[in-house]
Amino acid sequence: MKATAPSEHKQSQILNRKKVETLNLFESTQLIIKEAVQKLGYNEDMYELLKEPARILTVRIPIRMDDSSIKVFTGYRSQHNDAVGPTKGGVRFHPDVNEEEVKALSIWMSLKCSITDLPYGGGKGGIICDPREMSFGELERLSRGYVRAISQIVGPTKDIPAPDVYTNSQIMAWMMDEYSRIREFDSPGFITGKPIVLGGSQGRETATARGVTICIEEAAKKKGIDVKGARIIIQGFGNAGSFLAKFMYDAGAKVVGISDAQGALYDPQGLDINYLLDRRDSFGSVTNLFTNIITNQELLEKECDILVPAAISNQITEKNAHQIKASIVVEAANGPTTLEATNILTDKGILLVPDILASAGGVTVSYFEWVQNNQGYYWSEEEVAEKLRKVIVNAFERICETSQKNKVNMRLAAYMVGIKKPAEASRFRGWV
Ligand code: GLU
């Protein structure tokens, strides 16, 4: 089965418009939503409803720092559309967090939840801060302060947070504890990505990487590539990238390149992933231990069969897309490829697995965690892995079929599949 669109049909796509390189994440998301809504035959009202989050709350959180000074942090929680069910999505702690990005990411969560057929709409949160420069105590006070600030609009049947960039199970534990204290009853279902002893799910920590792995396997089948022996480059060595490197290494793939924020390592003979995992610090840095490093940009252009951008956005652009040598690009990060670059890769015959599909493993197992919390009955790791595989394979198939049937690239196909459920639910509810 051919998963990419023939080029003669691409002229009609909005993704071909000039100057899309200059659009920010939110604007480019709106462009694709518009195209998807039109392709599905909905009218302008539907686009008006879905082009922006339904609600975004901005909060200011005063925190006592360790040196006794007070610092006021800005945080956000964005809820895109709750027609399907409660909104769902992570909270990131990062200096670059901003309102536009949180809004775009909440729309993407609606799409992720929809293509995986979870009973959720999309939400996302963030705090402008640098956790790498904060103490444990400061992070705890900030996590608790954030929950107090947003407590009115979140909850197990309203909006369910989770980990994201630079947040982890410890932060989820503090947030769950704070919420349970405010409500005065134990509320494990308020948040996912918790430690196992507090109602976390088996397999949640590795879920994003597992989802990416399943997408790689499916894409490799379509391209007739054997994962065993395939050369793979992974940009980013954080939660997704490092577990993925391990899974690929264990599956017999040759991980020829990895990178972190400081630089990249490339070895055509394959890297010793176990050694690198062992030496990596808690923020995913390892290349600083080496002298023969190359840049992240150089890494993306190196020879490989499968390229996985698992770091930050806007890494593959019209400037370097022509130089990409991989046959398959699987977007484990959010928004690593610009719209122009999406077209260039598609024209080159590269199978691009878009971010909202490739990175959907995390929220899928978050849903399993929430279900287990609600029923008070917990599953084995095998059960979680098996259910996750079904969900991701189904989503992959539906998107490939939509891509072929409508002769659109995989990104637009994913948006078409993703926008349909919130659109239908909104229509049944009589909102449009
Ligand atoms: N932050 C992850 C994502 O962007 C997970 C969200 C969740 O588990 O709810 O998909």
Side-chain angles (χ1 to χ4, degrees), residues 25 29 53 76-80 82 84-94 97 101-127 154-169 171-172 175-176 188-195 199-212 214-215 236 238-241 243-244 309-313 330-336 353-373 384 387-388 391-392 395 414 418:
L25 279 183
T29 301
Y76 306 97
R77 186 73 193 169
S78 172
Q79 299 170 343
H80 173 237
D82 57 3
V84 171
T87 46
K88 178 92 191 81
V91 182
R92 61 175 56 181
F93 284 10
H94 197 276
V97 164
E101 186 191 60
V102 176
K103 278 163 65 175
L105 290 168
S106 70
I107 299 181
W108 294 1
M109 287 311 301
S110 280
L111 300 167
K112 281 192 210 185
C113 293
S114 171
I115 62 178
T116 45
D117 210 7
L118 311 181
Y120 295 136
K124 197 77 168 202
I127 302 179
V154 289
T157 54
K158 269 189 189 173
D159 181 12
I160 305 133
D164 200 84
V165 176
Y166 289 160
T167 52
N168 56 21
S169 58
I171 291 175
M172 299 305 109
M175 289 188 175
M176 189 276 272
F190 154 65
I191 204 161
T192 57
K194 301 178 292 295
S201 177
Q202 297 290 343
R204 175 62 186 84
E205 209 190 1
T206 53
T208 307
R210 285 255 178 247
V212 181
I214 297 163
C215 287
N239 175 277
F243 282 122
L244 177 67
I312 47 173
S313 57
V330 180
E331 298 182 323
N334 287 316
V353 183
D355 46 10
I356 55 172
L357 168 60
S359 68
V363 70
T364 303
V365 177
S366 272
Y367 165 62
F368 297 160
E369 180 172 331
W370 180 79
V371 169
Q372 291 170 80
N373 295 151
V384 170
K387 287 184 161 75
L388 173 64
V391 170
I392 301 295

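What you see is a predicted model; the values in this text were computed from it and never measured. Ligands are counted one by one from 1 in listed order, and the atoms in each one are counted from 1 as well. Keep in mind that the numbers below use all heavy atoms, side chains included, and drop hydrogens, waters and symmetry copies. Here, residue 1 is the first one in the sequence, and each next residue gets the next number.
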Under 4.0 Å from ligand 1 - residues by heavy atom, chain and number: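 Under the 4.0 Å cut-off, ligand 1 touches K88, G89, G90, M109, K112, K124, A162, P163, D164, R204, G362, V363, S366.
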Reference residue L388; test side-chain contact (heavy atoms from CB on, under 4.5 Å); the match among T206, T116, T364: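 By the side-chain contact (heavy atoms from CB on, under 4.5 Å) criterion, L388 pairs with just one of T206, T116, T364: T364.
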Positive for side-chain contact (heavy atoms from CB on, under 4.5 Å) with C113, one of V363, I356, T87: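 Option passing the side-chain contact (heavy atoms from CB on, under 4.5 Å) with C113: V363.
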Exceeds 12 heavy-atom contacts within 6.0 angstrom, atom CD of Q202: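 Yes, CD of Q202 has more than 12 neighbouring heavy atoms, counting only those of other groups under 6.0 Å.
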Side chain to side chain donor-acceptor pair (under 3.5 Å) partners of S366, counting only residues at least two apart: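 Expected list: T192, R204.
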Charged N-O contact under 4.0 Å between E101 and R92: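 Yes, E101 and R92 are salt-bridged.
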Salt bridge D159-K88, side-chain N to carboxylate O under 4.0 Å: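 No, this pair does not count.
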